[in-house]
Number of protein chains: 2
Amino acid sequence: MMAIDRKVKIIEAAEQSFASFGYKATTMDSVARIANVGKGTIYTFFKNKEELFSEIMGQFIYNLKKVAMGAIHEEDGFFNNLHGALYRVLEFRKEHQLTIKLTQEIKEAGTVQAQEALAKVEDAILDFLQGFIREAMERGEIQTCDPKVTAFVILKLYIALVFDWELRHAPLSSTEIADLFELYLLNGLKKNSD
Amino acid sequence: MMAIDRKVKIIEAAEQSFASFGYKATTMDSVARIANVGKGTIYTFFKNKEELFSEIMGQFIYNLKKVAMGAIHEEDGFFNNLHGALYRVLEFRKEHQLTIKLTQEIKEAGTVQAQEALAKVEDAILDFLQGFIREAMERGEIQTCDPKVTAFVILKLYIALVFDWELRHAPLSSTEIADLFELYLLNGLKKNSD
DNA sequence: AAATGACTAAATTGGTCAAACGGTCAGATT
DNA sequence: AATCTGACCGTTTGACCAATTTAGTCATTT
């Protein structure tokens with residue numbers, strides 16, 4: 001009873017602290033203080049700081065998957081679902097400080113734990129995409145292709161259009177991104193024989 | 001006479017040093033030593049270290065453009081030329097230590113001058129691509145599209161397939177990259193109505 | 001039995017100072 | 001006289017160390 005309540009409090013405190021200050025700047029002392037528990041209590045639930053962080057990242061990835069799943073509607077086609085799911089996933093990452101802070105920390109301090117954590121997030125997204133592409137292929141909605149490479153290419157292209165483009169130009173709206181995505185990846189640049 | 005010879009020697013020494021050690025670790029003393037001139041002599045040709053670096057990068061970009069131009073053959077179509085030119089450009093970057101060392105330096109030390117230099121290289125490539133795309137569009141070889149965004153997308157996709165993919169998977173061969181590029185960007189994933 | 005916080009070894013920080021740096025210029029070299 | 005040079009100058013850098021902070025433990029309290 002009390003034990004579970006404490007664990008939840010610790011997780012909530014860690015979540016808040018990692019999202020606000022990143023991995024390195026989050027201290028076990030401060031997590032204990034925010035959670036209103038003794039520091040030793042944290043170590044009854046988590047082996048060490050890395051495992052506590054791992055728990056928070058695991059929850060984040062779980063929620064990310066839920067968001068992606070929630071954006072998919074059977075009645076919509078491959079492309080609309082793909083765009084919808086990807087856009088929500090990237091929006092979710094934007095809305096929640098956690099990954100933004102970790103990206104910042106990697107740039108500023110090169111924290112290895114933050115790098116590994118974001119790599120896992122990317123892997124989860126790639127994994128989700130891969131399954132989605134395989135299904136579409138089996139339903140005959142898209143051409144035969146290697147789902148792994150395709151997932152990789154789609155994600156890279158999406159990140160390029162959403163984040164990288166923004167670095168040096170005016171941001172593209174959701175509709176613009178969808179249109180560009182449709183043009184480049186779905187229809188292709190080739191002039192249709194007409 | 002002698003003056004020009006000295007300038008050439010300085011440029012050669014700087015080229016070698018920037019490519020071997022990066023921007024920060026290249027000292028004006030060592031450039032003078034390698035070039036066999038007094039340090040003061042460098043400052044009769046270049047205002048400061050940044051301008052010397054700028055000269056080297058300018059030459060590099062000039063050679064990059066020449067390589068790209070040389071890969072284009074009127075008789076080939078848009079796609080073959082695009083792939084050929086891009087592949088040679090990226091190969092050229094791989095062969096010459098300069099940009100590799102600068103990329104490394106950005107990651108390890110975050111040197112601003114190296115960042116700006118590589119941004120200029122990317123801009124030069126984008127500029128070249130943009131013109132190439134505009135021509136193909138005017139000849140009716142590809143669909144109407146914004147050449148700027150298209151150049152950006154093509155470069156990002158290429159870098160993703162050539163470099164990023166290699167970070168976590170077995171490298172793709174030139175033919176594989178060409179095939180993937182053709183599939184994703186030229187034909188699109190959409191199943192052709194047949 | 002569960003929770004705690006004082007404790008310890010290890011890591012990180014901030015301050016210091018000698019060494020190294022970019023850039024100059026009076027004098028040497030041609 | 002024109003060109004080239006390296007000793008020199010003020011500034012920046014990074015190795016070093018003491019002081020602080022941190023992750024993780026465990027004897028004690030609740």
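As the structure is a computational prediction, the values presented were derived from the model and not from experiment. The figures here come from the full heavy-atom set of this structure, side chains too, leaving out hydrogens, waters and symmetry mates. Just so we're on the same page: letters track the sequence lines, and every chain starts at 1.
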Q: Using the six-membered ring wherever Trp is involved, compare the ring planes of Phe18(A) and Tyr23(A) and label them parallel, tilted or perpendicular (cut-offs 30° and 60°).
A: parallel
Q: Please check the phosphate of dA23(D) (OP1 and OP2 only) for any side-chain N or O of Lys49(A) closer than 4.0 Å.
A: yes
(Q) Quick check on dT4(C): is either OP1 or OP2 less than 4.0 Å from any side-chain nitrogen or oxygen of Arg6(A)? (A) yes
Rounded interatomic separation in angstrom, taking [atom1] from [X] and [atom2] from [N]:
X        : N       : atom1 : atom2 : answer
Tyr23(B) : dT12(D) : OH    : P     : 14 Å
Lys9(B)  : dC4(D)  : NZ    : P     : 10 Å
Ile42(A) : dA2(C)  : CD1   : P     : 18 Å
Tyr43(B) : dT5(D)  : OH    : C1'   : 14 Å
Phe46(A) : dT25(D) : CZ    : C1'   : 18 Å
Phe45(A) : dA1(C)  : CZ    : C1'   : 13 Å
Leu52(A) : dA23(D) : CG    : P     : 10 Å
Asp29(B) : dC9(D)  : CG    : C1'   : 14 Å

Q) Which distance, rounded to the nearest 0.5 Å, do you find between the NZ of Lys66(A) and the CZ of Arg88(A)? A) 13.5 Å
Q. Atom CD1 in Ile125(B), atom CG in Leu86(B): separation rounded to 0.5 Å?
A. 8.0 Å
Q) Under 6.0 Å between ring centres, would you say that holds for Phe60(B) and Phe92(B)? A) yes
Q. Under 6.0 Å between the ring centres of Phe53(B) and Phe46(B)?
A. no
Q) Quick one: on DNA chain C, does Gly40(A) or Lys39(B) contact a more 5' nucleotide (nearest heavy atom)? A) Gly40(A)
Q) Counting any heavy atom closer than 4.0 Å, what does Thr26(A) reach on the DNA or RNA strands: base, sugar-phosphate only, or nothing? A) sugar-phosphate
Q) Quick one: which of dA23(D), dG14(D), dG23(C) gets closest to the side chain of Thr27(A)? A) dA23(D)
**Q.** Upstream residue (5' side of DNA chain D) when Met28(A) and Thr41(A) are each assigned their closest nucleotide
**A.** Met28(A)
